[in-house]
Protein chains: 2
Amino acid sequence: MANTHRIRSDFVEKVGQIAQGEGLPKIAGRVFGLLMFDGEPISFGALATELQVSRGSISSSVRLLEDRGVIKRVGVPGERQDFFQIADQPFTGLLEGALKRIKRAEQEIEASLSELSIEAGATRDRLRSYSDFYKTLGGGLQHALSTVDDKKG
Amino acid sequence: MANTHRIRSDFVEKVGQIAQGEGLPKIAGRVFGLLMFDGEPISFGALATELQVSRGSISSSVRLLEDRGVIKRVGVPGERQDFFQIADQPFTGLLEGALKRIKRAEQEIEASLSELSIEAGATRDRLRSYSDFYKTLGGGLQHALSTVDDKKG
DNA sequence: AAGTCAATTCAGTATAAACTGAACACTTTT
DNA sequence: AAAAGTGTTCAGTTTATACTGAATTGACTT
């Protein structure tokens with residue numbers, strides 16, 4: 001049998017890297033990876049010691065992940081510490097965040113577009129195609145989102 | 001009539017911000033925005049002076065954008081400088097790059113998955129759902145990509 | 001209510017990435 | 001062939017952001 005613990009820490013590091021690639025803090029990715037792998041609730045303190053990072057970092061990472069609905073804070077009977085667990089729909093929040101960014105970009109471009117006078121024909125066409133790109137992209141993510149949604153929910 | 005020049009520089013800055021949000025250098029975004037707005041070829045030197053950045057930055061930005069197929073380097077008769085112009089399918093390359101990142105992440109997760117012994121049932125289920133998420137996301141982008149592709153042909 | 005324990009905040013530090021500008025190599029002009 | 005023009009490279013600097021750790025706040029425990 002393979003060494004589960006090594007697989008686990010490899011996985012945690014991988015997710016850290018992936019997160020960094022997506023523009024998220026590496027530690028947040030590690031937290032996500034750990035909770036994903038273990039499934040069961042892990043305490044605030046355990047996250048800090050196991051990942052060997054400061055409690056301050058854990059605090060900001062879990063808030064980030066909580067805000068996006070990727071993890072949830074749960075209570076454990078007889079325990080004073082906060083515990084964290086992977087959310088029921090961890091990916092929905094991520095997709096929604098991406099969608100929001102895309103929508104914002106689309107709106108920014110359309111704002112510029114609407115300022116341009118009618119004579120600026122070719123420029124208008126290009127900006128239009130740019131905002132169309134974001135529309136299409138948003139549509140693709142929207143589709144992914146609904147697919148992810150009814151996987152479980 | 002609205003002041004076109006102000007709209008133009010606003011747009012350029014907006015695209016710079018959007019690029020930064022996507023994890024790309026701000027200057028690369030500005031270059032893209034400028035070429036997008038103007039449509040016609042702009043010289044290497046003009047990019048540097050107009051955006052008020054070093055020639056070194058222009059060099060690396062245009063290479064990045066060229067590599068992704070977002071812009072193209074064109075010659076202008078009687079001119080020694082390189083000129084740059086928005087590519088015919090500027091968005092295709094961007095999407096392809098995003099897809100590649102997603103595919104890589106998916107594979108990483110599946111690598112961990114395949115290492116896990118059969119007893120690790122629940123963990124396997126979670127990692128499977130994680131890689132499924134990337135599959136779904138990739139499908140969404142793939143769809144967007146083909147839509148973008150046949151907008152122009 | 002004093003003492004412990006837990007999480008957050010925030011000022012300071014470390015790290016990573018972007019950006020600069022001068023040196024370089026190559027090309028064209030005079 | 002010297003001079004001027006052009007793009008790239010890269011060592012050094014700046015900037016942005018992640019991270020730390022000590023101070024702080026609040027909530028339990030005795």
Side-chain angles (χ1 to χ4, degrees), chain A residues 12-35 41-68 70-85 97 101, chain B residues 12-35 41-68 70-85 97 101:
Chain A
V12 168
E13 278 314 307
K14 279 181 187 175
V15 181
Q17 289 301 320
I18 292 172
Q20 197 162 36
E22 309 283 346
L24 298 172
K26 184 164 23 177
I27 293 182
R30 291 208 191 102
V31 169
F32 173 72
L34 202 55
L35 296 177
I42 301 180
S43 74
F44 189 100
L47 287 174
T49 55
E50 188 139 8
L51 297 177
Q52 301 177 77
V53 298
S54 72
R55 295 164 62 79
S57 283
I58 295 298
S59 177
S60 63
S61 290
V62 294
R63 180 175 32 175
L64 184 153
L65 294 169
E66 250 187 314
D67 287 351
R68 301 186 186 221
V70 176
I71 69 175
K72 60 184 173 183
R73 199 177 293 240
V74 297
V76 172
E79 286 280 2
R80 293 179 58 178
Q81 281 189 72
D82 289 352
F83 280 65
F84 298 90
Q85 192 173 11
R101 281 215 318 281
Chain B
V12 168
E13 278 313 308
K14 279 181 188 176
V15 181
Q17 288 301 320
I18 292 172
Q20 197 162 37
E22 309 284 347
L24 298 172
K26 184 166 20 179
I27 292 183
R30 292 206 190 103
V31 169
F32 174 72
L34 202 55
L35 296 176
I42 301 180
S43 75
F44 189 101
L47 287 174
T49 57
E50 187 138 9
L51 297 177
Q52 301 177 76
V53 298
S54 72
R55 291 154 49 85
S57 283
I58 295 299
S59 178
S60 65
S61 291
V62 294
R63 181 176 30 177
L64 184 153
L65 294 170
E66 251 187 315
D67 287 350
R68 299 187 188 222
V70 176
I71 70 174
K72 59 184 173 185
R73 199 177 294 240
V74 297
V76 172
E79 285 279 1
R80 292 180 56 181
Q81 282 188 71
D82 290 352
F83 280 66
F84 299 90
Q85 193 173 9
R101 281 217 317 282

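Predicted model only: the values in this text are computed from it and were never measured. A, B, ... follow the sequence lines: proteins, then strands. Residue 1 opens every chain.
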Sugar-phosphate only, base, or nothing, as touched by B:Ile27 at under 4.0 Å among non-hydrogen atoms: sugar-phosphate
Atom-pair distance (CD1 on B:Ile42; P on D:dT6), nearest Å: 16 Å
Interatomic distance, B:Gln52 CD vs D:dT14 P [rounded to whole Å]: 19 Å
Length of the CD-P vector between A:Gln81 and D:dG26, whole Å: 20 Å
Closest listed nucleotide, where the reference is the side chain of A:Pro25 and the choices are D:dC19, D:dT6, C:dC19: D:dC19
Sub-4.5 Å side-chain heavy-atom contact between B:Phe44 and B:Ser59: yes
Sidechain N-carboxylate O distance under 4.0 Å for B:Arg30, B:Glu13: yes
5' priority, DNA chain C, between A:Gln20 and A:Val62 [closest heavy atom]: A:Val62
Which nucleotide in C:dT20, D:dT8, C:dT8 has an atom nearest any side-chain atom of A:Ser59: C:dT8
Separation of C:dC26 P from B:Arg80 CZ (nearest whole Å): 15 Å
Exercise: identify the closest heavy-atom pair between B:Ala19 and B:Pro25: CB-O, 4.0 Å
Integer-rounded Å distance: D:dG26 P and A:Asp82 CG: 16 Å
Value in whole Å for how far the P atom of C:dC19 lies from CG of B:Leu24: 11 Å
Nearest-0.5 Å distance that lies between atom CG in B:Leu51 and atom NZ in B:Lys26: 12.0 Å
Spacing between A:Leu64 atom CG and C:dT9 atom P, to the nearest angstrom: 13 Å
D:dC19 OP1/OP2 closer than 4.0 Å to side-chain N/O of A:Ser57: no
Distance in angstrom units between B:Leu47 CG and D:dT6 P, rounded: 14 Å
Check: C:dT20 base within 3.5 Å donor-acceptor of B:Arg55 side chain: no
Closest-nucleotide 5' rank along DNA chain C - winner of B:Gly56 and A:Arg63: A:Arg63
Phosphate OP1/OP2 of D:dC19: any A:Arg30 side-chain N/O under 4.0 Å: no
Side chains of B:Leu47 and B:Phe84 in contact at under 4.5 Å (non-hydrogen atoms): yes
